[in-house]
Amino acid sequence: MSQGALPGFRDFYPDQLATRNYLMLVWRDIARRYGFVEYDGPPLEPLELYTKKSGEEIVGQLYTFTDKGGRQVALRPEMTPTLARMVAAKANAMRKPIRWFSIPQLFRYERQQKGRLREHFQLNVDIIGESSVAADAELLAVAIDIMRAVGLTSKHVRARVSDRRLLTSLLVSAGVEENELARVFAAIDKTGREPREVTRDKITAAVASEDARKSIERLLANAKDLDALAKEFASSPQVLEEIARMREYLAFLAALGVGDWIDFDLSIVRGLAYYTGNVFELFDATGEFRAICGGGRYDDLLATIGGVDLPALGFGMGDVVLTEILRGRNLLPTPVLSAEYWVAAEDESMLSEVMRVAGRLRAKSRSVEYALKPQTLSRQLKSASSAGVTSVVLLRRPDYQNGKVTVKTMADGSEQNVGLDAFLDSL
RNA sequence: GUGGCUGUAGCUCAAUUGGUUAGAGCACCGGACUGUGGCUCCGGGGGUUGCGGGUUCAAUUCCCGUCAGCCACCCCA
């Protein structure tokens, strides 16, 4: 075997690149429909851009090196810090809310596995400078509309939504102490993926109060039932306020036409520490794939990174998992990699005439191939056929001298003798 | 970082209890069907059996290591 790409990195052969381009086309189109504009930043950033937010431990998962100027640099593992910097630099000058999206290639030095490589392309969609619930609904609608655009339905994909403010108010109301919250969050985040006993053990370890633990049990039992939670914890005004916010969010999502994709699920917490409010994930309904997309509100992050205090929310959607799902469901379009026309000549000495005709077709924006070496007509047609062109423009010496060519449609073999000029004008 | 499974041509797979120059289909290139493709037939290129050691008269086949891939854990994009 010859050596391939580095582990976790991909070679994109033409058909694979066509798939990637297709996805990006959809991403750009849907983002555009929602009024988002595209930006980009450098793939290489100062290391401290990432350590400032996440601490030193993240360095182990970054591609880092010292450049020739002695700077510590890293290949970007996520886009948000770059976004924060760019927005912060011109925050005052920009109309709010800012609706930006980007499709960066991101890098992470980790053991690769299904749906997760060391490099991927990720759509990032962010709204900055708007704290209203409508913004949260708008953001999630973008992600769901992308699912629709690639042919997935609400049966295939579910959006699970929650809100850390709601979860926090519920836990506080249940009697969990401030300093216990983080560990309870972590335990709840894993609820769907590990046995109930493990979750219970973790909560027992994290929470001192017996009563609080019992409340958490009831809370988890009703994690997908907003009405039940409202009833159960009706004594807390804080909880009721948060539930009202969630109801408004769900109502807005319905108004945006994506209501049937949504499942309320309090156990969605998301690993990233910087989420402050609404959080959501998009999952394949069969559960055999990783999350397609994840995001939420991070109102404090811009102040931390960029030094500008603006509320913000966003999501990331990677190309790897989405491509796997679409391939599994046979929803990837067959890429068209063939030229439209093949110019052939009956007479092997007519190569320069072939070139002239090819040139005129190309000037008409048509994609054209022809045999680069002298070949029999039989061979040329064989090549044209295997190249997959839809039509062959055939030159015969006497006809061509009279300005005529034969246009052959490969699908049915039909031929038409036409004037070259008229044919070109018809394109 | 931990553990399990796997590794033969570009792809999908063969190769009798370890036994002679590792085969086939598809793909690719070319020829024939005497200058209009898709069919058919013929031929060709392409493998130090992932790599490195070991056991053996003999290793694709057994053992060890290593690399890579897949899966799970960890962690998250």
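Chain letters run A, B, ... following the sequence lines, proteins first and then strands; every chain starts at 1. Just so it is clear, the values below take in all heavy atoms, side chains as well, and ignore hydrogens, waters and symmetry mates. Since this is a predicted model, take the numbers as computed values, not measurements.
Between A:Glu353 and A:Arg397 there is a salt bridge, since at least one side-chain N of the basic residue sits less than 4.0 Å from a carboxylate O of the acidic one. A salt bridge links A:Arg329 and A:Asp284; the closest N-O separation between the charged side-chain nitrogens and carboxylate oxygens is under 4.0 Å.
Comparing the same atom, P, in B:C26 and in B:G38 gives a spacing of 16 Å after rounding to whole Å. For the C1' atoms, the distance from B:U21 to B:G30 is 25 Å, rounded to whole Å. Comparing B:U12 with B:C70, their P atoms sit 14 Å apart, to the nearest whole Å. Taking atom P on both B:U66 and B:G10, the two are 27 Å apart, rounded to the nearest angstrom. Between B:G65 and B:G47, the distance separating the two C1' atoms is 24 Å to the nearest Å. Rounded to whole Å, the separation between the P atoms of B:U6 and B:G43 comes to 38 Å. Straight-line distance between the P atoms of B:G46 and B:A9: roughly 15 Å, to the nearest whole Å. Going from the P atom of B:G53 to that of B:U17 covers 29 Å, rounded to whole Å.
The shortest distance between the side-chain N/O atoms of A:Gln61 and the OP1/OP2 oxygens of B:C76 is not below 4.0 Å. Look at A:Lys382 and you won't find any side-chain N or O under 4.0 angstrom from OP1 or OP2 of B:G31. For B:C76, neither phosphate oxygen OP1 nor OP2 lies less than 4.0 angstrom from any side-chain nitrogen or oxygen of A:Gln113. When the side-chain nitrogen and oxygen atoms of A:Arg290 are compared with OP1 and OP2 of B:C76, none of them lie within a distance under 4.0 Å.
Counting any heavy atom pair closer than 4.0 Å across all strands shown, A:Gly115 reaches no nucleic acid atom. Using a 4.0 Å heavy-atom criterion, one finds that A:Leu377 contacts the bases of the nucleic acid, with or without backbone contacts as well. At a threshold of 4.0 angstrom between heavy atoms, the contacts of A:Leu123 with the nucleic acid are absent.
At whole-Å resolution of the value, CZ in A:Arg10 and P in B:C70 are 12 Å apart. Per the geometry, CZ belonging to A:Arg116 stands 14 Å off C1' belonging to B:A72, to the nearest Å. If you take CG of A:Leu6 and P of B:A68, they are 9 Å apart, rounded to a whole angstrom. At whole-Å resolution of the value, CD in A:Glu369 and C1' in B:G37 are 15 Å apart. Rounded to whole Å, atom C1' of B:C73 lies 16 Å from atom NZ of A:Lys114. Rounded to whole Å, the distance from OH on A:Tyr109 to C1' on B:C76 is 17 Å. As rounded to whole Å, 19 Å separates atom P of B:C74 from atom CD of A:Gln112. In this structure, the NZ atom of A:Lys190 is 6 Å from the P atom of B:C74, given to the nearest Å.
In this structure, the nucleotide among B:C75, B:G69, B:G31 sitting nearest to the side chain of A:Arg379 is B:G31. Residue A:Glu346 places its side chain closer to B:U36 than to any other of B:G30, B:C70, B:U36. Side-chain proximity of A:Arg111 to B:A72, B:U2, B:U36: nearest is B:U2. Checking B:C75, B:G30, B:G1 against every side-chain atom of A:Gln375, the shortest atom distance belongs to B:G30.
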From CA spacing to verdict: salt bridge (Lys or Arg N to Asp or Glu O under 4.0 Å), A:Glu45, A:Arg76 = CA-CA 6 Å; A:Glu45 290 276 18; A:Arg76 60 186 175 196; over 6 Å; no
ask   = Checking salt bridge (Lys or Arg N to Asp or Glu O under 4.0 Å) for the pair A:Arg32/A:Glu38: CA distance, chi angles, key distance, verdict?
value = CA-CA 9 Å; A:Arg32 180 193 59 78; A:Glu38 188 168 5; over 6 Å; no
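In A:Tyr109, the OH atom is not crowded: 12 or fewer heavy atoms of neighbouring residues, nucleotides or ligands sit closer than 6.0 Å. By the 6.0 Å contact criterion, NZ on A:Lys224 is open, its count of non-hydrogen atoms from other residues, nucleotides or ligands being 12 or less. No more than 12 heavy-atom neighbours from other residues, nucleotides or ligands sit within 6.0 angstrom of CD on A:Gln416.
Of the two residues near RNA chain B, A:Pro7 and A:Ser383, the one whose nearest nucleotide lies more 5' is A:Ser383.
Listed in residue order, the members of residues 384-416 of chain A having a heavy atom less than 4.0 Å from RNA chain B are A:Ser385, A:Leu394, A:Arg396, A:Lys408, A:Met410, A:Ala411, A:Gly413, A:Glu415.
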message = Once pairs are restricted to Watson-Crick or G-U wobble with both distances under 3.5 Å, how does RNA chain B read as a dot-bracket string, [ ] for crossings and | for other-strand pairs?
response = (((((((..((((.....[...)))).(((((.......))))).....(((((..]....))))))))))))....
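Side-chain N/O atoms of A:Ser367 and A:Glu340 include a donor and acceptor closer than 3.5 Å. A donor-acceptor contact under 3.5 angstrom links the side chains of A:Gln61 and A:Arg108, judged on distance only.
Every ring pair (Phe, Tyr, Trp, His ring centres under 6.0 Å) that A:Tyr298 has, sequence neighbours left out, goes to A:Tyr274.
Residue A:Ile188 holds its CD1 atom at 11.5 Å from CD1 of A:Ile268, rounded to the nearest 0.5 Å.
Of the candidates A:Asp136, A:Asp163, A:Asn278, A:Asn278 is the only one forming a side chain to side chain donor-acceptor pair (under 3.5 Å) with A:Tyr249.
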